[in-house]
Amino acid sequence: MSLVNKDWKSGDLKGTIYFFENAGDLLPKHNHSEKLSHITFVLKGKLRVEYGNKMEVISAGDARDWPANEEHSFTAEEAGSKILNILKYS
């Protein structure tokens, strides 16, 4: 599996772009502290996202706003999928 990311930071915003080179590439289950706002934008492709006891497939143009401390993971359904995570420190 190969997952490439690029980080950037500006003021109280931090962003990470994840590029899933192959179908099946995984961003493992993780969560973020209650002090952060966290939004994921799907820039390209299709991914399976798992959170809580739920699973759904999201595609380019979709966005998700994650509640504090909610565990979630992403698995690429298509090679070349790309997401942008934006975190705001509050």
Side-chain angles (χ1 to χ4, degrees):
M1 279 192 252
S2 53
L3 176 69
V4 178
N5 69 4
K6 178 161 178 65
D7 294 323
W8 56 267
K9 188 168 182 174
S10 177
D12 61 351
L13 294 178
K14 178 182 177 192
T16 304
I17 296 173
Y18 292 95
F19 177 66
F20 299 78
E21 290 184 335
N22 303 300
D25 284 352
L26 171 71
L27 179 57
K29 195 168 269 193
H30 63 283
N31 65 3
H32 303 273
S33 105
E34 61 213 14
K35 296 179 182 179
L36 299 176
S37 296
H38 176 208
I39 300 172
T40 299
F41 297 95
V42 181
L43 302 177
K44 182 178 178 186
K46 188 184 305 184
L47 300 107
R48 182 176 67 244
V49 60
E50 296 182 34
Y51 56 99
N53 294 324
K54 299 177 183 175
M55 186 280 295
E56 66 179 296
V57 175
I58 57 178
S59 301
D62 290 338
R64 293 293 178 272
D65 183 5
W66 301 104
N69 297 314
E70 181 170 64
E71 288 192 336
H72 52 281
S73 66
F74 298 92
T75 304
E77 294 281 310
E78 295 178 358
S81 293
K82 190 185 290 188
I83 62 173
L84 166 63
N85 280 338
I86 296 181
L87 303 174
K88 180 178 183 199
Y89 297 88
S90 41

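Count residues from 1 along the sequence.
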(message) Would you compute the distance between atom OG of S81 and atom CZ of F19 and round it to the nearest 0.5 angstrom?
(response) 8.5 Å

(request) Starting at NZ of K82, measure out to NZ of K6 and round the result to the nearest 0.5 Å. (result) 11.5 Å

Check [X] against [Y] and note the closest heavy-atom contact, atom names and distance.
X	Y	result
I83	L27	CD1-CD2, 4.3 Å
A76	F20	CB-CB, 3.6 Å
L13	K88	CD2-CB, 3.7 Å
E78	G45	OE1-CA, 3.4 Å
G52	K29	O-NZ, 4.4 Å

(request) Keeping the roles fixed (side chain from H30, backbone from E71), state whether a donor-acceptor pair exists under 3.5 Å. (result)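 Not a single qualifying donor-acceptor pair exists.
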
(request) Identify, with sequence neighbours excluded, every residue that meets side chain to side chain contact (heavy atoms under 4.5 Å, CB included) alongside I39. (result) F41, D65

(message) T16: which residues meet the side chain to side chain contact (heavy atoms under 4.5 Å, CB included) condition with it, sequence neighbours left out?
(response) N5, D7, K14, Y18

(request) Only counting residues at least two apart or in another chain, list the ones meeting salt bridge (charged side-chain N to carboxylate O under 4.0 Å, His left out) with E56. (result)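 E56: salt bridge (charged side-chain N to carboxylate O under 4.0 Å, His left out) contacts with R64.
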
(message) When you group the ILVMFWY residues by side-chain heavy-atom contacts below 4.5 Å and let the links chain together, are L43 and W8 in the same group?
(response) yes

(message) Are L87 and I17 connected into the same hydrophobic cluster when the rule is that any two of I, L, V, M, F, W, Y join if their side-chain heavy atoms are below 4.5 Å apart?
(response)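 Cluster IDs for I17 and L87 differ.
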
(request) Answer yes if the ring centres of W66 and H72 are under 6.0 angstrom apart, and no otherwise. (result) yes

(message) Run the side chain to side chain donor-acceptor pair (under 3.5 Å) test against E77 and tell me which residues pass, sequence neighbours left out.
(response)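 Counting only residues at least two positions away or on another chain, E77 forms a side chain to side chain donor-acceptor pair (under 3.5 Å) with R48.
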
(request) Given side-chain contact (heavy atoms from CB on, under 4.5 Å), test H38 with T40 step by step and report yes or no. (result) CA-CA 7 Å; H38 176 208; T40 299; 3.5 Å; yes

